[in-house]
Number of protein chains: 2
Amino acid sequence: MSQTPKQSAERPVPTSADVARLAGVSRATVSYVLNNTSAVRISEPTRRRVREAAEELGYVPHAAARSLRAGHTRMVLLPTAHVPVGPLYSQFFNELQWALRRLDYTVVQYGSLGLEGDEAARAWAELRPVAVVSFGEVALTRHSVDVLKRSGAKAVITLGPRRVEGAHSLVMDQSEIGSCAVSHLVARGRRAIGVVMPEQPGLELFSEPRLEGARRAASVTGARIEPLPLSYDEESAAALAARWRELELDAVYAYNDEHAQLLMRALQDADIDVPGATAVIGADDLLLGRLLRPRLSTVHIDMVTGRRLAELVDGMVREPGDEPEIHDLMGARAVHRESS
Amino acid sequence: MSQTPKQSAERPVPTSADVARLAGVSRATVSYVLNNTSAVRISEPTRRRVREAAEELGYVPHAAARSLRAGHTRMVLLPTAHVPVGPLYSQFFNELQWALRRLDYTVVQYGSLGLEGDEAARAWAELRPVAVVSFGEVALTRHSVDVLKRSGAKAVITLGPRRVEGAHSLVMDQSEIGSCAVSHLVARGRRAIGVVMPEQPGLELFSEPRLEGARRAASVTGARIEPLPLSYDEESAAALAARWRELELDAVYAYNDEHAQLLMRALQDADIDVPGATAVIGADDLLLGRLLRPRLSTVHIDMVTGRRLAELVDGMVREPGDEPEIHDLMGARAVHRESS
DNA sequence: TTGAAAGCGATACCAC
DNA sequence: GTGGTATCGCTTTCAA
């Protein structure tokens with residue numbers, strides 16, 4: 001026998017009418033009291049009666065009813081497909097949520113794994129969010145942005161490698177990272193540079209532009225770029241290392257620090273000297289890079305702060321007309337250690 | 001000048017009444033058509049007219065209005081404070097979301113960073129979720145569970161180290177992990193065992209029970225347990241390594257593989273032989289452990305599958321009376337490699 | 001200072 | 001087959 005013998009299962013959810021009845025006032029008065037409506041003066045005894053009644057019944061207002069009446073919500077929707085991994089991403093995410101809530105928004109992540117563009121947009125639009133901040137995990141189209149805006153979204157913001165028509169796109173130029181890495185390697189005299197392309201689904205959104213940036217940086221200097229597909233496991237890395245000498249590369253940009261660790265280990269196990277025979281550089285500047293031997297060179301990434309983005313959202317909600325710009329969205333700089 | 005010259009900003013959001021007007025039918029008919037109501041037969045031409053009108057207006061139904069009318073939602077709320085990091089957690093999370101959506105639930109993560117028990121529960125209850133699955137990042141009390149249930153939540157499930165009164169608690173016994181690690185070390189002849197306690201906020205929910213498990217395992221065999229506070233940076237690790245000899249430990253359970261990597265590096269830099277002088281074991285069985293030298297021993301953790309948990313949620317929603325049990329929630333087993 | 005009532009958008013019963 | 005209409009819970013204008 002449970003401690004709460006289904007008292008809750010049967011009993012209907014209390015409404016403001018129940019509170020009004022118990023307090024012996026009208027529903028209007030309940031609303032005034034619980035929302036501290038300043039335009040109306042309610043006597044202190046009444047206020048107390050209402051509050052006590054609400055407390056006793058365990059009354060919680062119904063957000064749907066409220067926003068239906070109000071004609072708008074304060075919900076900011078963050079679609080997520082794959083839960084982002086990595087400290088950079090999660091810190092940014094936490095900051096954003098925190099800052100938005102301080103601005104009195106309700107932050108909601110909508111699990112959209114497996115939803116495609118328009119289908120996803122419809123699902124989000126049903127909730128009538130006042131703003132949508134997408135991280136590019138779900139591909140948005142011009143049309144889906146329109147659906148969202150027509151459903152009342154004041155701000156549709158995409159962060160990601162690609163620009164999305166109709167939305168306020170904050171382009172995080174991933175190509176800058178690849179470019180940065182390759183420039184660093186070239187500056188240190190390398191001329192035949194591998195670029196690791198992770199095979200993990202979802203990462204191509206980042207890896208493709210990074211490769212493109214690598215190519216751009218290489219083309220200026222006449223260095224050769226060689227894409228290297230790699231899945232995140234030891235076998236794949238060992239296989240790549242086994243054919244390393246025939247690739248005739250003298251450097252590799254390994255997508256990020258974790259892939260760099262994997263590949264560097266495999267290279268060392270195959271008796272390829274790092275950085276003597278092959279220089280290695282990662283990206284993200286994780287702590288683990290400093291723990292490796294040789295210490296891993298990397299590309300440090302500065303992301304826009306969540307607070308900054310929250311202010312952008314708020315601005316767009318309050319003044320849908322003007323679209324403020326954020327420029328220094330993402331910075332990248334090479335950090336030289338020992339592996340390059 | 002923008003491509004969409006604020007056409008959307010002014011134009012009101014289309015409702016089913018607008019669709020009805022455009023299609024020349026009543027709102028009822030619109031509802032029937034768009035919901036494929038089988039109890040009512042609508043002629044094909046009418047259906048087409050309605051669909052076309054909806055399409056043309058970009059009509060998206062209003063979830064709040066619908067659920068207000070229906071008296072319930074299909075929303076499963078997953079409160080999140082810190083975005084969970086680590087592949088184990090995120091895979092589980094993705095699975096759960098995916099499985100719930102297949103069961104036709106709307107999965108919503110509610111960013112609750114900085115909210116405390118009752119305040120959080122109220123905020124969640126306003127959305128009238130049909131189920132809440134909490135990962136223990138926000139401390140729930142008996143009272144907050146009641147608030148949720150009284151607001152109509154059919155299932156309140158907590159996953160985490162602690163049991164929560166009133167909720168259906170799936171206790172993930174973290175102590176098993178610490179116990180497992182220490183048993184392994186003891187079995188290999190170690191008697192003075194350090195247990196790393198990460199100082200990162202939020203982790204104490206996991207580290208405390210793991211320490212407790214370590215103590216339990218040690219007490220049977222007379223081994224000594226020494227808690228070792230450590231923050232996740234090189235300085236802290238170096239400081240710990242510097243006073244390592246005076247601690248007179250012959251083994252350490254380093255909380256997880258990442259902390260193990262950090263500490264092992266510091267120990268090696270301080271000329272402490274691993275595993276000769278000190279054995280090291282981590283937890284989580286991450287790939288990185290296999291890349292270290294010596295290869296890192298670890299505790300492999302099997303989590304309940306998201307699909308399994310989704311079915312539990314669904315069951316509780318459909319039959320609020322009975323509460324099915326899940327037992328083999330989390331398994332832990334030591335994996336011996338080279339560091340221990 | 002308080003109450004009555006309209007209305008937000010969608011649905012489902014009951015007539016026609 | 002299709003159309004009126006009451007209803008969900010809440011806020012807010014207007015009257016008392």
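Chain letters run A, B, ... following the sequence lines, proteins first, then strands; residues in each count from 1. Side-chain atoms are counted along with the backbone in the values below, which use heavy atoms only and exclude waters and symmetry mates.
- The nearest pair of heavy atoms linking B:S144 to B:G117 is CB-O, 3.9 Å.
- Note on A:T46: only backbone sugar-phosphate atoms sit closer than 4.0 angstrom, heavy atoms only; bases stay farther off.
- Among residues at least two apart or in separate chains, there is no salt bridge (Lys or Arg N to Asp or Glu O under 4.0 Å) pair with a member in residues 111-123 of chain B.
- Rounded to an integer number of Å, the gap from CZ of B:R41 to C1' of D:dG1 is 11 Å.
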Query - Under 4.0 Å protein heavy-atom contact, by nucleotide of nucleotides 8-16 of chain D - B base, S sugar-phosphate only - result: BBBBBB---
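- B:L34 places its CG atom 14 Å from the P atom of D:dT2, with the value rounded to the nearest Å.
- When all heavy atoms of A:L103 and A:R74 are compared, the pair lying nearest together is O-NH2, 2.8 Å.
- For A:R41, there are no side-chain hydrogen bond (donor to acceptor under 3.5 Å, both in side chains) partners at least two apart in sequence or on another chain.
- Axis orientation changes by 50° from one end of the helix from C:dT1-D:dA16 to C:dC16-D:dG1 to the other, with each end axis drawn from 5 pairs and the value rounded to 10°.
- Remark: side-chain polar atoms of A:K149 are paired, donor with acceptor, to backbone N or O of A:G166 under 3.5 angstrom.
- With sequence neighbours excluded, no residue forms a salt bridge (Lys or Arg N to Asp or Glu O under 4.0 Å) with B:R69.
- Applying the side-chain hydrogen bond (donor to acceptor under 3.5 Å, both in side chains) test to every pair with at least one member in residues 20-35 of chain A, sequence neighbours left out, gives these pairs: A:D18-A:R21, A:S26-A:T29, A:S31-A:N35.
- Salt bridge status for A:R307 with A:E311: present, with a side-chain N to carboxylate O gap under 4.0 Å.
- In this structure, CZ of B:R21 is placed 15 Å from C1' of C:dA10, rounded to the nearest angstrom.
- The nearest whole Å value for the distance from the NE2 atom in A:H72 to the P atom in C:dG9 is 13 Å.
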